[in-house]
Amino acid sequence: MVEVMTRGFDAQAQGNLPAAPAFVGALRRRALEEYLALPIPSQDTEEWRYTDLSGLDLSLIPFVEGATAASLEAAPAAVRDALADLGPRAGLRVQHDSTTMLVTLDAAAAAQGVVFDDLDRAAAAHPDLVEPYLHALVPTDRSKFTALHGAFRSGGTFLHVPDGVRVELPLHALTYLDADGAAIFPHTLVVAGRESEVTLVDRYVSPDLGRALSDAVFWMQIRAGAHVRYVSLQEWGEGVTHLGVQRARLSRDSELRAVAVGFGGSLARAEAESALEEPGAASEMLGVFFADDRQHFDHRTEQDHVASNCRSDLLYKGALRDASRGVFSGWVHVRPGAQKTDAMQTSRNVILSESAFARAIPNLEIEANDVKCGHAASVGPVEDEQLFYLMSRGIPRDEAERLIVFGFFNEVLERISLEEVRAIVAAAIERELARGAA
């Protein structure tokens with residue numbers, strides 16, 4: 001049994017990680033050199049201007065062995081509770097701390113050649129599928145924390161859908177963290193073949209902790225004509241710092257519909273990027289976040305139009321109360337030659353207390369002359385007229401505010417086409433609203 005409790009990130013700690021294929025080991029060693037050489041991102045740069053990591057304590061445990069289970073029914077109660085709304089599914093992967101607890105995949109999907117597994121196991125069993133893509137789109141030297149991720153990642157989710165395969169039911173992945181003082185490195189790698197279709201729901205859950213770090217990377221290769229739906233539910237507990245990078249590469253006539261839900265952690269910074277690299281590609285990026293107490297959320301997005309005749313649409317909505325802070329910075333980049341681009345970017349934020357603060361920063365960089373691009377951003381309080389209308393009908397103020405906020409988020413829910421996914425996101429919003437009212 002592997003059990004690593006060494007604190008800090010150095011060669012000794014890395015040497016205690018579980019064995020991995022040679023190409024993963026080489027990547028780890030190179031990434032450690034990059035991590036040690038790179039500085040912690042500074043607020044002196046525009047990219048990190050609104051998030052201060054100077055006080056982040058990195059004397060953390062890079063690997064904590066978790067439990068394993070033969071089935072979901074045999075998993076710890078806290079893990080089962082995190083998946084209480086789990087409906088019909090094609091597969092499930094659960095990671096507990098640094099260890100894959102269980103993986104299931106239905107027989108029909110497996111018979112069609114779908115691979116859904118622990119990333120390290122997939123790297124050993126299918127190196128031809130994993131090696132060309134691992135960190136290809138999110139290079140380890142992107143920042144100190146992507147380097148740290150590459151150096152100490154273990155576990156993670158790998159999904160490969162062959163050409164022409166349609167997975168009818170969603171696949172689910174859960175990362176559950178309950179080790180105080182730990183650093184974990186969630187990694188999701190999706191390769192969707194030509195004319196394939198798949199839905200993946202990624203969840204991150206923990207109780208409140210003293211301190212912990214989630215250093216996550218997610219990236220997708222979406223081949224021509226493929227359709228991918230992706231949902232990220234971030235519900236870390238208090239004390240967790242979450243740093244995530246999500247990037248998708250879209251080929252001709254492919255489509256990505258992504259939903260990012262962020263409620264947890266003391267500090268969460270999430271980057272979400274879509275690169276539309278061939279004509280006819282389309283991406284929809286939806287986001288919902290709810291900050292309270294002294295939470296800090298920093299969302300940065302990029303709609304990168306490389307090719308002509310592509311569409312992208314982004315809608316992020318946030319609610320903030322107490323002394324929380326939120327920032328949204330979005331970038332639509334239309335590259336030279338990307339004619340007939342159709343891109344829209346919208347950020348809406350509602351403030352629920354005098355001490356909360358939000359900032360929305362939309363950006364357009366257009367290097368083509370036949371495009372349709374736009375952006376909209378707003379930050380403001382709940383309208384008094386709405387509260388008065390509900391309260392005048394006997395609804396208490398807290399409940400009236402809850403109804404208004406849920407209605408505010410409903411615009412995002414209405415754009416989620418898959419009913420099962422819409423129900424999961426709605427349940428997550430209800431949990432957060434109920435938690436705040438408690």
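Below, all heavy atoms of this structure are taken into account, side chains as well, without hydrogens, waters or symmetry copies. All values reported here derive from a predicted model rather than from experimental measurement.
- A donor-acceptor pair is defined here as one N or O able to donate and one able to accept, closer than 3.5 Å; no such pair exists between the side chain of Arg300 and the backbone of Gly330.
- Here the two rings, on Phe289 and Tyr316, have centers that are 6.0 Å apart or farther.
- With Phe408 as the aromatic partner, Lys317 meets the cation-pi criteria of under 6.0 angstrom to the ring centre and within 45 degrees of the ring axis.
- Leu58 has its side chain within reach of Phe145: a pair of non-hydrogen atoms, C-beta onward, lies under 4.5 Å apart.
- With hydrogens and angles disregarded, no donor-acceptor distance shorter than 3.5 Å links the side chain of Ser355 to the backbone of Ala323.
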task: Step by step, work out the side chain to side chain contact (heavy atoms under 4.5 Å, CB included) result for Trp236 and Leu209.
output: CA-CA 9 Å; Trp236 293 130; Leu209 298 169; over 6 Å; no
Could you list the donor-acceptor pairs under 3.5 angstrom formed between side-chain atoms of residues 123-139 and any protein atom two or more places apart in sequence or on another chain?
| from | atom 1 | to | atom 2 | distance (Å) |
| --- | --- | --- | --- | --- |
| Tyr133 | OH | Arg223 | NH2 | 2.6 |
| His135 | ND1 | Val138 | O | 3.3 |

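- Using a 4.5 Å cut-off on side-chain heavy atoms (C-beta onward), Glu271 and Glu47 make contact.
- Atom CZ of Arg49 has 12 or fewer heavy atoms from other residues, nucleotides or ligands within 6.0 Å.
- There is a side-chain donor-acceptor pair under 3.5 Å between His227 and Glu255.
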- request: For Phe218 and Tyr230, run ring-ring contact (aromatic ring centres under 6.0 Å, His included): C-alpha distance rounded to whole Å, both residues' side-chain angles, the deciding distance at 0.1 Å, then the answer.
  value: CA-CA 11 Å; Phe218 173 90; Tyr230 175 67; 3.9 Å; yes
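- Take Asp120 and apply the salt bridge (charged side-chain N to carboxylate O under 4.0 Å, His left out) test, not counting sequence neighbours, and it matches Arg153.
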- request: Check the pair Arg335, Glu367 against salt bridge (charged side-chain N to carboxylate O under 4.0 Å, His left out), reporting the backbone distance first and the verdict last.
  value: CA-CA 5 Å; Arg335 296 177 183 262; Glu367 300 179 88; over 6 Å; no
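- Between Pro170 and Pro88, the shortest heavy-atom distance links the atoms CD-O, 3.9 Å.
- Residues Glu273 and Thr301 form no side-chain contact, since every pair of their non-hydrogen atoms from C-beta on lies 4.5 Å or further apart.
- When all heavy atoms of Met285 and Ala272 are compared, the closest pair comes out as CE-O, 3.4 Å.
- Between His242 and Tyr204, the ring centre distance stays below 6.0 Å.
- Residue Ala75 comes nearest to Met101 through the heavy atom pair CB-SD, 3.7 Å, listed as atom of the first residue, atom of the second, then distance.
- Contact check for Pro18 versus Phe63: side-chain heavy atoms found under the 4.5 Å cut-off.
- In this structure, the side chains of Leu86 and Leu92 come closer than 4.5 Å at one or more pairs of heavy atoms.
- Of the N and O atoms on the side chains of Thr140 and Glu34, at least one donor lies less than 3.5 Å from an acceptor on the other residue.
- The main-chain N or O of Thr45 is never found under 3.5 Å from a side-chain atom of Gln43 such that the two would form a donor-acceptor pair.
- His187 and His149 are linked by a side-chain donor-acceptor pair at a separation below 3.5 angstrom, with hydrogens and angles left out of the test.
- Panel note: side chain His375, backbone Ala343; no donor-acceptor pair is recorded below 3.5 Å.
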message: Could you walk me through whether Leu189 and Leu159 satisfy the side chain to side chain contact (heavy atoms under 4.5 Å, CB included) test, starting with their C-alpha distance in whole Å, then the side-chain angles of each, then the deciding distance to 0.1 Å, before giving a yes or no?
response: CA-CA 6 Å; Leu189 171 56; Leu159 171 61; over 6 Å; no
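- The two residues Leu119 and Gly155 make their nearest non-hydrogen contact at CB-O, 3.5 Å.
- At least one side-chain heavy atom of Ile416 sits under 4.5 Å from a side-chain heavy atom of Val425.
- Classified by interplanar angle (parallel below 30°, tilted 30° to 60°, perpendicular above 60°), the ring pair His299/Phe297 is perpendicular.
- Of the inter-residue distances, the one linking His172 atom NE2 with Thr199 atom OG1 reads 9.0 Å to the nearest 0.5 angstrom.
- Using modelled atom types, no side-chain atom of Glu33 and backbone atom of Arg30 make a donor-acceptor pair closer than 3.5 Å.
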Let me have the donor-acceptor pairs involving side chains of residues 258-266, under 3.5 Å, with sequence neighbours excluded, atom names and distances please.
| from | atom 1 | to | atom 2 | distance (Å) |
| --- | --- | --- | --- | --- |
| Ser266 | OG | Gly239 | N | 2.8 |

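- Judged by the 6.0 Å distance and 45° axis criteria, Arg269 is positioned over the aromatic ring of Trp48.
- Asp322 places a side-chain N or O within 3.5 Å of a backbone atom of Asp293 that can act as its donor or acceptor partner.
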task: Carefully, step by step, assess Glu278 and Arg194 under the rule salt bridge (charged side-chain N to carboxylate O under 4.0 Å, His left out).
output: CA-CA 13 Å; Glu278 295 182 357; Arg194 296 171 61 89; over 6 Å; no
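- Counting only N and O atoms by type, the side chains of Ser324 and Asp292 include no donor and acceptor under 3.5 Å apart.
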- prompt: Does the salt bridge (charged side-chain N to carboxylate O under 4.0 Å, His left out) test come out yes or no for Asp304 and Arg247, once each step is laid out?
  reply: CA-CA 10 Å; Asp304 187 6; Arg247 188 163 176 83; 3.5 Å; yes
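- A distance-only check finds a donor-acceptor pair linking the side chain of Asp97 to the backbone of Asp178 [under 3.5 Å].
- Aromatic ring centres of Phe152 and Phe9 lie closer together than 6.0 Å.
- Considering only heavy atoms from C-beta on, Thr341 comes within 4.5 Å of Cys373 through its side chain.
- Using a cut-off of 4.0 Å between Lys/Arg side-chain N and Asp/Glu carboxylate O, Glu197 and Arg229 are scored as salt-bridged.
- Residues Leu286 and Arg415 have side chains in contact (heavy-atom distance under 4.5 Å, counting atoms from C-beta outward).
- At distances below 3.5 Å, at least one donor-acceptor pair connects side-chain atoms of Asp180 with backbone N or O atoms of Arg211.
- Counted by atom type alone, Glu414 and Asn410 present one or more donor-acceptor pairs between their side chains at under 3.5 Å.
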message: Checking Arg431 against Asp85 for the salt bridge (charged side-chain N to carboxylate O under 4.0 Å, His left out) test, could you report, in this order, the C-alpha distance in whole Å, the side-chain angles of both residues, the deciding distance, and whether it holds?
response: CA-CA 12 Å; Arg431 284 195 300 272; Asp85 58 356; 3.8 Å; yes
query: What's the verdict on side chain to side chain contact (heavy atoms under 4.5 Å, CB included) for Leu256 and Ser274, showing C-alpha distance, side-chain angles and the deciding distance?
result: CA-CA 9 Å; Leu256 168 65; Ser274 293; 3.7 Å; yes
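- In this structure, Arg80 CZ and Ser71 OG are separated by 9.0 Å, a value rounded to the nearest 0.5 Å.
- Side-chain polar atoms of Asp298 and Thr51 form a donor-acceptor pair below 3.5 angstrom.
- The closest donor-acceptor contact from the side chain of Glu365 to the backbone of Trp331 lies at 3.5 Å or more, if one exists at all.
- Taking both residues in full, the closest heavy atoms of Leu276 and Ser283 are given as CD2-N, 3.9 Å, listed atom of the first, atom of the second, then distance.
- In this structure, Arg93 contributes its side chain and Gly156 its backbone to a donor-acceptor pair below 3.5 Å.
- Of all heavy-atom pairs spanning Ser329 and Asn363, the tightest one is OG-ND2, 3.8 Å.
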query: Given Val240 and Ser206, is the side chain to side chain contact (heavy atoms under 4.5 Å, CB included) satisfied, shown in steps?
result: CA-CA 9 Å; Val240 179; Ser206 79; 3.7 Å; yes
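- With rounding to the nearest 0.5 angstrom, the CZ atom of Arg89 is 11.5 Å from the CG atom of Leu105.
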